[in-house]
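Take a look at the structure set out below.
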Number of protein chains: 2
Amino acid sequence: MVKVMRSSPARTSVTLADVAALAKVSTSTASLAYRRTGSITERTRARILAAAAEIGYAGPNPTARSLKSGRSGIVGIIVAGTVRRAFQNPVAMATMSGLSEALDELDVGQLLLSHRSESGDRSARLLDGMPVDAVVFLTRGEEFDGLLPSMRARHIPMVGVEGPHEEGVTLVDIDDASGMAVLARHVRDLGHTRIGVVMRSTRIDANGPPGPIEPIDANLETISNRTIRERLRAVASVFPDAVRVEAGGRELDSGEIAAGRLLDQASPPTAILAQNDMLAVGTLRAAAVRGLEVPRDLTVTGFDGAHIPLLGRRLTTVEQPLHERGLQAGRMVGELLAGGAPSGIVLPVVFREGDTSGPPPRA
Amino acid sequence: MVKVMRSSPARTSVTLADVAALAKVSTSTASLAYRRTGSITERTRARILAAAAEIGYAGPNPTARSLKSGRSGIVGIIVAGTVRRAFQNPVAMATMSGLSEALDELDVGQLLLSHRSESGDRSARLLDGMPVDAVVFLTRGEEFDGLLPSMRARHIPMVGVEGPHEEGVTLVDIDDASGMAVLARHVRDLGHTRIGVVMRSTRIDANGPPGPIEPIDANLETISNRTIRERLRAVASVFPDAVRVEAGGRELDSGEIAAGRLLDQASPPTAILAQNDMLAVGTLRAAAVRGLEVPRDLTVTGFDGAHIPLLGRRLTTVEQPLHERGLQAGRMVGELLAGGAPSGIVLPVVFREGDTSGPPPRA
DNA sequence: GCCCACTATCGAAACGATGCGATTCGCATC
DNA sequence: GATGCGAATCGCATCGTTTCGATAGTGGGC
């Protein structure tokens with residue numbers, strides 16, 4: 001039996017046909033032994049399973065099965081940037097946790113994919129090559145839009161968490177605008193008039209210096225991320241004269257530097273609305289470094305409710321139902337897979353007054 | 001054109017054959033347009049792609065492609081318990097982060113699966129139905145052993161992070177034993193003789209009361225989790241007379257309660273070795289509650305290096321290269337997929353002296 | 001102008017399972 | 001012992017690609 005060794009796999013796998021042959025039944029009958037539908041004698045089934053065990057057959061090949069059925073049992077979860085970075089982001093993780101809870105329930109596999117627009121081609125091809133029954137875009141911005149056409153062509157249902165409205169994407173949204181408006185009104189009711197906003201970086205990966213100080217509503221339409229844009233707009237609706245500065249990155253340090261830029265002005269704001277809790281913590285640091293006491297000298301607010309451990313303070317912020325929105329997204333995937341057409345939802349946020357906001361210092 | 005609506009999918013998908021027909025080529029040629037091997041005129045390829053665009057063909061069906069090629073481009077990542085819980089576990093996340101970094105590099109999809117032995121059937125069937133090219137068991141204990149036979153039968157390469165040695169599983173291990181031994185010797189060199197160990201819960205999900213106080217080496221062989229067992233054995237080799245108590249769960253509270261049981265004895269230990277940092281923090285709390293000052297009245301050590309924010313203290317602990325072991329696991333997956341047969345590795349741990357250990361109080 | 005060596009294209013056979021329709025079997029009934 | 005009927009089993013087409021071997025076409029060398 002001299003046989004040329006095949007250079008690659010040599011993976012002579014056992015197939016259902018082999019099992020059938022050994023059990024002396026047709027492959028269709030052998031298949032029956034593994035399905036729940038169709039009728040088969042308990043005796044033959046036992047014989048088939050015994051044969052399978054004998055030659056080490058581990059059950060039907062999932063790929064072949066998917067090909068016939070048109071379903072893979074896999075849901076793609078697409079995060080921005082890298083999977084690694086998503087694992088370090090508390091907001092993403094809290095959402096994931098809810099999403100996973102719901103998907104676990106559905107008995108589907110969860111395929112994690114990352115996408116960044118720069119290396120768009122590569123990750124788009126990766127997604128295109130994956131046998132997914134549905135996809136969830138996690139905290140989506142516009143960077144995912146390049147992926148939509150091919151998903152639509154394949155009739156793959158899509159669920160988006162945050163992000164722009166796009167045909168075919170069922171959206172689980174958070175009522176950002178009114179959340180931010182509530183915060184702004186809270187600050188206004190306290191008596192503040194000079195307001196600064198530390199806004200989230202519009203860059204995805206880069207880390208750099210903060211942007212310039214600009215009017216709150218400068219070139220709003222050029223900001224492609226809807227979430228960022230709407231939060232700014234909400235502030236503008238309450239404080240048309242507020243100014244903003246964009247953080248250079250997503251870390252705490254970037255928030256501190258950006259806030260510092262606002263505080264070092266000749267006539268600094270008496271309240272700083274940060275666009276998320278991480279930036280707010282950075283802002284608190286910037287204040288501490290400059291000897292400002294919060295809230296006596298400066299009011300600081302956040303946005304998120306990501307439960308960042310906070311040295312004994314309670315941040316005045318707006319809490320997003322992060323886990324809940326993940327759950328809802330998972331539930332929608334379930335409905336879509338079942339052939340339904342769920343409508344998108346907008347989840348409310350909850351204002352939570354902490355001890356970082358108070359009346360402005362007397363002039 | 002009255003046509004009966006098919007009750008189910010109706011998902012009339014466009015296939016390569018349709019594209020070929022429109023472009024007036026054979027399907028084999030149409031396939032060539034999407035492959036990198038084989039020769040095809042640039043003109044024909046363009047014609048084919050144009051046809052594809054015209055009828056909305058999004059590229060070859062991944063499932064069919066996998067069936068032919070025998071590869072799915074998917075690596076399964078299996079965590080214990082639920083995916084959700086894994087997202088909340090800092091040790092798992094740090095490892096994941098390294099693993100994802102390596103897998104991103106390989107351009108493979110990462111399929112998250114959970115497995116708990118109780119509902120073993122269900123999750124085993126889920127895994128069996130997934131088209132994975134390789135699997136990684138994340139921080140594996142024995143609960144995954146039921147999954148091995150079928151993976152072996154399918155010739156699916158396996159990588160384990162922690163866990164018992166099993167045929168066919170390439171292991172990325174951490175030198176637990178010597179790490180714990182280093183800690184024990186550190187404590188011995190400080191002069192301690194009465195030692196207590198707060199050990200990790202051997203239960204997976206449940207939460208309950210702590211176990212009884214037992215000799216350090218009682219029934220060691222009945223503890224199925226190798227990691228837990230070896231850490232105990234390492235302590236026993238230095239302190240044969242130490243006692244241990246098992247935490248009732250994985251949370252901080254469980255650690256506090258278990259440590260309390262040790263501290264409330266008539267003649268309490270002067271040093272408590274906790275089996276991980278979370279339990280150590282719980283132990284610190286138990287000490288604080290009882291008015292014990294650390295390290296003056298009690299020495300506390302941890303294990304992990306999961307960087308738990310610690311109110312200004314630095315825990316005496318042993319740091320595991322968590323991110324690194326994830327990276328290594330990913331690298332091994334790469335080697336295995338390329339047909340290699342990497343050998344397992346044992347990563348060293350690093351002792352880090354903090355300010356929670358000191359000489360025992362004078363009697 | 002003929003033949004050869006390529007190259008681009010094609011046809012058909014897999015890949016491993018499933019499901020429909022047809023066939024056979026077992027068994028009770030007349 | 002023939003007949004009828006449901007249940008168990010079988011054969012074959014099929015899912016959408018890829019790939020191998022075969023065929024047609026192209027151009028160059030003489």
Exercise. Closer to the 5' end of DNA chain C via nearest nucleotide, is it B:L67 or B:L32?
Worked result: B:L32
[X] [atom1] - [N] [atom2] separation (whole Å):
X      : N      : atom1 : atom2 : result
B:R36  : D:dT17 : CZ    : C1'   : 17 Å
B:R154 : C:dA17 : CZ    : C1'   : 12 Å
A:R35  : C:dG16 : CZ    : C1'   : 13 Å
B:L16  : C:dT9  : CG    : P     : 14 Å
B:D18  : D:dT17 : CG    : C1'   : 13 Å
A:R71  : C:dT18 : CZ    : P     : 16 Å

Exercise. Within the modelled atom types, does a donor on one side and an acceptor on the other bring the side chain of A:K68 and the base of C:dT18 under 3.5 Å apart?
Worked result: yes
Exercise. Ignoring hydrogens and angles, are the base of D:dG11 and the side chain of A:S26 linked by a donor-acceptor pair under 3.5 Å?
Worked result: no
Exercise. Please, what dot-bracket string fits DNA chain C when only Watson-Crick and G-U pairs with both distances under 3.5 Å count, crossing ones use [ ] and pairs to another strand use |?
Worked result: ||||||||||||||||||||||||||||||
Going by atom types only, do [X] and [Y] share a side-chain donor-acceptor pair under 3.5 Å?
X      : Y      : answer
B:D128 : B:S150 : yes
B:S26  : B:T29  : yes
A:R154 : B:S13  : no

Exercise. Out of curiosity, A:D133 CG to A:S69 OG, how far, rounded to the nearest 0.5 Å?
Worked result: 8.0 Å
For a 4.5 angstrom cut-off between non-hydrogen side-chain atoms, does [X] reach [Y]?
X      : Y      : result
B:Q110 : B:L99  : no
B:L106 : B:L103 : yes
A:L147 : A:M158 : no
B:I74  : A:P131 : yes

Can you find a side chain N or O atom of [X] that sits less than 4.0 Å from OP1 or OP2 on [N]?
X     : N      : value
A:S28 : C:dG19 : no
A:S13 : C:dG16 : yes
B:R65 : D:dT18 : yes
B:Y57 : D:dT17 : yes
A:T29 : D:dC10 : yes

For this session: Would you mind classifying the nucleic acid contact of B:S39 as base, sugar-phosphate or nothing, using non-hydrogen atoms under 4.0 angstrom?
Result: base
Exercise. Which part of the nucleic acid, if any, lies within reach of A:T15 when heavy atoms closer than 4.0 Å are counted: base, sugar-phosphate only, or nothing?
Worked result: sugar-phosphate
Exercise. Of the residues in residues 41-51 of chain A, which ones touch DNA chain D at a heavy-atom distance under 4.0 Å?
Worked result: A:T41, A:T44
Exercise. What nucleotide among D:dT9, C:dA17, D:dT18 has an atom nearest to a side-chain atom of A:I40?
Worked result: D:dT9
Exercise. Among the nucleotides D:dT17, C:dT18, D:dT9, which one has an atom lying closest to any side-chain atom of A:P60?
Worked result: C:dT18
For this session: For the residue pair B:Y34 and B:Y57, categorise the inter-ring angle as parallel (less than 30°), tilted (30 to 60°) or perpendicular (more than 60°).
Result: perpendicular
For this session: Return the orientation label for the B:F87 and A:F87 ring planes: parallel under 30°, perpendicular over 60°, tilted otherwise.
Result: tilted
